[in-house]
Amino acid sequence: MTSRSCPCGLPKAYDDCCGRFHSGAAAAPTAEALMRSRYSAFVKADTAYLVRTWHPRTRPARLDLDPGMRWTGLEILQTADGSAFHATGTVTFRASYRGGSLHERSRFERVDGAWVYVDGEFLS
């Protein structure tokens with residue numbers, strides 16, 4: 001990954017990929033796109049975007065990120081539903097960080113037409 005490439009792993013520049021979602025210039029069109037943009041937001045420590053894209057029902061009152069966390073890669077393992085034709089979707093992924101990885105199946109829903117993160121199940 002170059003300093004200008006998107007952290008989500010797609011072969012696009014950050015500004016043309018997740019950056020446009022972070023800035024509010026566009027909304028993630030699918031659950032997978034939202035998952036990728038949320039991963040990039042964790043990489044960039046963009047807590048405002050993470051809170052904004054969290055379902056109001058499950059959103060934490062406060063989000064404190066570990067400043068020492070270094071995310072190193074995202075692998076999308078499976079998606080189910082989550083397109084423009086669905087109200088819900090799931091994305092199973094592995095997010096690597098210095099010293100380990102996080103394997104999760106995340107659930108997403110549409111709220112007022114926009115995809116939001118609901119919750120996730122940690123997998124082994």
Side-chain angles (χ1 to χ4, degrees):
M1 179 172 79
T2 68
S3 62
R4 301 186 94 142
S5 63
C6 194
C8 81
L10 292 178
K12 296 180 181 178
Y14 168 74
D15 289 342
D16 296 329
C17 196
C18 294
R20 62 197 172 111
F21 305 139
H22 294 173
S23 71
T30 65
E32 180 181 340
L34 183 66
M35 173 63 238
R36 287 181 178 280
S37 70
R38 285 178 56 82
Y39 170 82
S40 293
F42 275 102
V43 171
K44 302 263 187 193
D46 186 346
T47 56
Y49 182 77
L50 292 167
V51 169
R52 188 169 73 241
T53 58
W54 210 308
H55 196 293
R57 185 178 71 239
T58 58
R59 180 185 303 140
R62 182 180 156 143
L63 183 61
D64 295 317
L65 300 181
D66 178 354
M69 178 65 85
R70 296 294 176 253
W71 296 99
T72 59
L74 176 66
E75 180 183 6
I76 302 296
L77 304 172
Q78 183 179 21
T79 62
D81 298 333
S83 77
F85 303 104
H86 299 107
T88 64
T90 62
V91 178
T92 304
F93 67 93
R94 181 171 291 113
S96 300
Y97 56 88
R98 192 179 321 140
S101 67
L102 169 72
H103 188 193
E104 180 178 308
R105 182 177 302 113
S106 294
R107 293 185 323 124
F108 298 88
E109 290 180 12
R110 282 185 183 271
V111 172
D112 297 328
W115 286 106
V116 292
Y117 170 78
V118 177
D119 60 18
E121 170 190 1
F122 293 115
L123 306 171
S124 53

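Remember, predicted model here, so these are calculated numbers, not experimental data. Just so it is clear, the values below take in all heavy atoms, side chains as well, and ignore hydrogens, waters and symmetry mates.
For residues 18-30, the side chain to side chain donor-acceptor pair (under 3.5 Å) pairs, not counting sequence neighbours, are Tyr14-His22.
Atoms CZ and CD, on Arg94 and Glu104 in that order, are 12.5 Å from each other to the nearest 0.5 Å. One distance of note links CZ of Phe42 with CG of Leu74; it measures 11.5 Å at 0.5 Å rounding. Atom OG1 of Thr92 and atom CD of Glu32 lie 11.0 Å apart (nearest 0.5 Å). To the nearest 0.5 Å, the span separating NE2 on His55 from CZ on Arg107 amounts to 9.0 Å. The OG1 atom of Thr47 sits 10.5 Å away from atom CZ of Arg62, with the distance rounded to the nearest 0.5 Å. The line from CD of Glu121 to NE2 of His103 is 9.5 Å long, rounded to the nearest 0.5 Å.
The hydrophobic cluster containing Val43 also contains Trp54, counting ILVMFWY residues as joined when their side-chain heavy atoms lie under 4.5 angstrom apart, directly or transitively. Connection of Phe122 to Tyr97 is established within a shared hydrophobic cluster, with ILVMFWY side chains joined at heavy-atom distances below 4.5 Å, either directly or through further cluster members. A continuous path of Ile, Leu, Val, Met, Phe, Trp and Tyr side chains, each step under 4.5 Å between heavy atoms, connects Leu63 with Phe108, placing both in one hydrophobic cluster. Under the 4.5 Å side-chain heavy-atom criterion for ILVMFWY residues, a single connected hydrophobic cluster contains both Trp71 and Tyr49. Under the 4.5 Å side-chain contact rule for hydrophobic residues, Val118 and Val51 do not share a cluster.
Looking only at atom types and distance, the side chain of Tyr117 has no donor-acceptor partner in the side chain of Ser106 under 3.5 Å away.
Contact annotation: the side chain of Leu65 approaches that of Leu50 to within less than 4.5 Å [non-hydrogen atoms, C-beta and beyond]. Looking only at side-chain heavy atoms (C-beta outward), Met35 and Trp115 stay at 4.5 Å or farther from each other. For the pair Ile76 and Phe93, the minimum side-chain heavy-atom distance is below 4.5 Å. Contact annotation: the side chain of Tyr39 never approaches that of Cys6 to less than 4.5 Å [non-hydrogen atoms, C-beta and beyond].
With hydrogens and angles disregarded, a donor-acceptor distance shorter than 3.5 Å links the side chain of Ser37 to the backbone of Leu34. Using modelled atom types, no side-chain atom of Ser96 and backbone atom of Thr72 make a donor-acceptor pair closer than 3.5 Å.
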Note to self: Could you go through Val91 and Arg36, starting from their C-alpha distance and side-chain angles, then the distance that decides it, and tell me whether this counts as side-chain contact (heavy atoms from CB on, under 4.5 Å)?
What the structure shows: CA-CA 10 Å; Val91 178; Arg36 287 181 178 280; over 6 Å; no

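Hydrophobic cluster membership of Val116, counting Ile, Leu, Val, Met, Phe, Trp and Tyr whose side-chain heavy atoms lie under 4.5 Å apart directly or via other members: Val111.
Closest heavy-atom contact between Pro29 and Arg110: O-NH2, 3.9 Å.
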